[in-house]
Chemist: 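Have a look at this one.
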Amino acid sequence: MTRKWETRLKQIEERALGYEKKPLPSVYRPRLSKPEDPPSIWKLFHRQDQAFNFVKSCKENVHVFALEYKVDDGRRIYLVTTYAQLWFYYKSRKNLLHCYEVIPENAVCKLYFDLEFNKRANPEADGKKMVALLIEHVCKALQELYSVSCSAEDVFKLDSSTDEKFSCHLIFQLHDVAFKDNIHVGNFVKKILHPALHLISSQEDDRIRNPMDHKFSHFPETPLKQEISYNQMSPDKDIAKSWTLNSKIPERQESTQQSNPDLSFLVVKNNMGEKHLFVDLGVYTRNRNFRLYKSSKIGKCVALEVAEDNRFFPKQSKNMSEENQNFLFSLVTNVRFSDSLRILTCDTSENKRKRTNLVNSTSSSVETIEGFQCSPYPEVDRFVLSLVTKNEIKGGIRRWNYFFPEELLVYDICKYRWCQNIGRAHKSNNIMILVDLKNEVWYQKCHDPVCKAENFKSNCFPLPAEVSLLNLFKEEEEFTADETWNNEAKNPGASADAAWDNSTDDAYFLEATDDAELAEAAENSLLSYSSAGNEIPDELIIEGLQE
DNA sequence: CAGCGCTACCACACCCC
DNA sequence: GGTGTGGTAGCG
């Protein structure tokens with residue numbers, strides 16, 4: 001008995017000594033493996049808005065994913081992490097089986113489609129052929145409406161079909177082109193499928209359709225061609241003017257556009273025998289969850305895989321597996337920023353009207369349009385405004401865009417045109433201020449064709465302390481908050497953080513969660529990492545951290 | 001204890017012919 | 001009967 005006590009005492013003393021040598025950090029920051037590596041981020045939330053708030057406070061390039069965790073329950077939990085970290089735990093497909101990309105509202109994104117039909121209700125439908133025809137139609141539309149060239153070789157086709165149901169996703173990999181957000185994607189898709197919508201709305205036979213139908217142009221409303229082009233010059237930057245111009249275009253143009261294309265191939269029947277579109281138009285809503293490559297819906301075991309007739313093949317990369325590349329290309333919001341990136345927009349006429357009214361009603365006041373003037377980073381906005389305010393001239397933010405992968409905020413400036421390239425203000429072209437949050441610098445570019453021709457980019461200047469320190473402060477706040485939460489054993493992120501941690505301290509691991517629901521979710525899919533081991537191959541760490 | 005963002009649908013009120 | 005409104009079941 002005494003001997004047993006002695007050995008146990010000795011063990012405890014040894015452990016105490018160990019802790020003295022390597023004290024636990026006061027702030028818990030899980031790491032990949034090496035202390036010099038950036039901290040890993042793996043946080044779970046019950047609420048989507050909490051997840052997005054955390055993303056905002058995060059300096060790293062993180063994204064929100066939704067995880068289904070209970071059969072026959074729509075409930076999801078939200079995971080915030082980087083693409084690399086997610087892939088690291090995701091790729092084995094032993095856990096995280098039912099994951100969705102959350103396409104944030106206002107996030108620049110790719111053109112994407114969800115296509116489906118019931119095979120039994122449509123015995124003669126040829127899915128492959130329908131997809132090919134759709135792609136052809138979409139490419140034609142992109143060419144006509146935006147002068148964007150693409151083909152089936154730019155379309156990543158993922159398939160999730162069963163004997164019962166044809167189901168696939170298309171993710172367009174356009175060159176240096178993306179949409180402003182998924183609402184604009186939806187407007188574009190609805191616009192170009194308008195003739196087909198008409199085929200299903202009318203119960204009657206085609207022969208007795210309203211004769212007016214024949215007047216419908218191929219693409220009924222001209223989209224807002226006011227593209228935010230960072231490398232292309234738009235002579236008149238007066239947005240109100242260009243909107244007015246655009247809003248007047250519609251019907252006039254129809255004569256120049258081609259006649260009604262035959263989109264009858266898009267019409268399918270649902271289980272009830274009712275006519276529906278092959279293209280699911282319900283996937284273009286705010287914060288839409290879009291199933292990830294290699295994920296299945298909960299309760300089903302059919303995952304999205306590269307379609308056998310997929311024609312998009314990413315260039316092979318030396319330091320990344322093919323699967324990892326597939327994963328990255330399949331992500332709708334994984335849009336790379338480039339100097340020549342063009343952002344396509346497609347407003348509904350309603351929105352156009354609303355915006356035009358807004359512009360008109362506020363043009364004289366200092367405040368401008370909501371959503372256009374303020375980015376999610378008010379501190380950065382303030383700093384940018386300070387940069388474009390000199391003496392009498394008070395510049396403003398005309399619009400902003402945030403690029404997730406690069407953590408780059410691009411501000412289109414109005415009423416202030418001083419360009420560092422020419423050392424004076426441009427006469428008719430506006431400038432841009434780019435804020436690189438990752439590297440904590442800002443620089444200036446501009447819309448002037450001459451400056452753009454030489455690809456002018458000013459020197460980088462460090463962000464002031466109040467902007468770059470902002471992240472640090474937020475981080476501290478976050479951790480303080482977490483600690484409080486941990487004390488209350490309510491921190492939903494704790495369990496997964498522990499899972500990510502390689503320190504194998506059982507005490508830490510176990511105390512991570514006593515929340516029954518999360519624990520269950522964790523057991524189901526998330527926390528099997530303890531058995532995944534701590535050995536992370538070096539090449540993966542590099543891959544993981546380089547992004 | 002705990003998802004989210006819609007749309008289609010229904011009931012009802014109100015108006016006009 | 002046409003139109004607007006408000007609430008909700010249920011879909012994706």
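Because the structure is predicted, anything quoted here is derived from the model rather than measured.
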Chemist: Of all heavy-atom pairs between A:Val102 and A:Asn287, which one has the smallest distance, and what is that distance?
Modeler: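 Between these two residues, the closest heavy atoms are CG1-O, 3.8 Å.
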Chemist: Between A:Asp73 and A:Tyr284, which residue's closest nucleotide on DNA chain B lies nearer the 5′ terminus?
Modeler: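 Taking each residue's closest nucleotide, the earlier one in sequence belongs to A:Asp73.
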Chemist: Rounded to whole angstrom units, what separation is found between the CD atom of A:Glu105 and the P atom of B:dC6?
Modeler: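 Rounded to the whole Å, the gap is 8 Å.
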Chemist: Detail all sub-3.5 Å separations between protein N/O atoms and N/O atoms belonging to nucleotides 7-12 of chain C.
Modeler:
unit_1: C:dG12; atom_1: O3'; unit_2: A:Asp280; atom_2: OD2; d: 2.5

Chemist: Distance between the C1' atoms of B:dC1 and C:dC11, in whole angstroms?
Modeler: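 Taking atom C1' in both B:dC1 and C:dC11, they lie 25 Å apart.
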Chemist: Counting side-chain heavy atoms from CB outward, which of B:dA2, B:dC4, B:dC6 is closest to A:Tyr78?
Modeler: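 The answer is B:dC4, which lies nearest to the side chain.
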Chemist: Whole-Å distance between B:dC4 P and A:Asp49 CG?
Modeler: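 One finds 6 Å between P of B:dC4 and CG of A:Asp49, rounded.
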Chemist: Return the value, rounded to whole Å, for the distance between atom CD of A:Glu68 and atom P of B:dG3.
Modeler: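 About 13 Å, once rounded to whole Å.
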Chemist: Applying a 4.0 Å non-hydrogen cut-off, can you work out what A:Arg286 is touching in the nucleic acid: base, sugar-phosphate, or nothing?
Modeler: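 Here A:Arg286 touches the backbone only, sparing every base.
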Chemist: Can a side chain N or O of A:Gln50 be found less than 4.0 Å away from OP1 or OP2 on B:dG3?
Modeler: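 It does not, given that no N or O in the side chain of A:Gln50 lies less than 4.0 Å from OP1 or OP2 of B:dG3.
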Chemist: Holding to ring pair (Phe, Tyr, Trp, His ring centres under 6.0 Å), I want the full list of residues that pass it with A:Phe172, two or more places apart in sequence or in another chain.
Modeler: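 A:Phe172: ring pair (Phe, Tyr, Trp, His ring centres under 6.0 Å) contacts with A:Phe113.
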Chemist: Rounded to whole Å, please give me the gap between CZ in A:Arg76 and P in B:dC1.
Modeler: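 Atom CZ in A:Arg76 sits about 21 Å away from atom P in B:dC1.
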Chemist: Please list, chain by chain and in numerical order, all residues satisfying side chain to side chain contact (heavy atoms under 4.5 Å, CB included) with A:Glu274, sequence neighbours excluded.
Modeler: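 Residues passing side chain to side chain contact (heavy atoms under 4.5 Å, CB included) with A:Glu274: A:Asn270, A:Met272, A:His276.
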Chemist: May I have the distance from A:Ile103 (atom CD1) to B:dC4 (atom P), rounded to whole angstrom?
Modeler: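 Computing the A:Ile103:CD1 to B:dC4:P distance gives 17 Å.
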Chemist: Would you tell me if any nitrogen or oxygen in the side chain of A:Arg75 comes within less than 4.0 Å of OP1 or OP2 on B:dG3?
Modeler: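 It does, given that an N or O in the side chain of A:Arg75 lies less than 4.0 Å from OP1 or OP2 of B:dG3.
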Chemist: Can you tell me how the ring of A:Phe312 sits relative to the ring of A:Phe329, calling it parallel under 30°, perpendicular over 60° and tilted otherwise?
Modeler: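 Correct class here is perpendicular.
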Chemist: B:dA2, OP1 or OP2 - any side-chain N/O from A:Arg47 closer than 4.0 Å?
Modeler: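 For B:dA2, OP1/OP2 do not have a side-chain N/O of A:Arg47 under 4.0 Å.
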Chemist: Just say parallel, tilted or perpendicular for the rings of A:His169 and A:Phe290, cut-offs at 30° and 60°.
Modeler: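 Correct class here is parallel.
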Chemist: Which nucleotide in the set B:dG5, B:dC4, B:dG3 lies at the smallest distance from any side-chain heavy atom of A:Asn287?
Modeler: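 Out of B:dG5, B:dC4, B:dG3, the nucleotide with an atom closest to A:Asn287's side chain is B:dG5.
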Chemist: Given atom NE2 of A:His46 and atom P of B:dC4, what is their separation to the nearest angstrom?
Modeler: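 Result: 11 Å.
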Chemist: Take the protein atom CG of A:Asn182 and the nucleotide atom C1' of B:dC6, then report the distance between them rounded to whole Å.
Modeler: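 Rounded to whole Å, this separation is 12 Å.
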Chemist: Should the ring pair A:Phe179 and A:Phe188 be called parallel, tilted or perpendicular, given that the plane angle runs from 0 to 90° and is split at 30 and 60?
Modeler: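 Tilted.
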Chemist: Taking the ring centre of each residue, are A:Phe278 and A:Phe166 less than 6.0 Å apart?
Modeler: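 Centroid separation for A:Phe278 and A:Phe166: below 6.0 Å.
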Chemist: Measure the distance from OH on A:Tyr100 to C1' on B:dC4 and round it to the nearest whole Å.
Modeler: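 Distance check: A:Tyr100 OH to B:dC4 C1' gives 13 Å.
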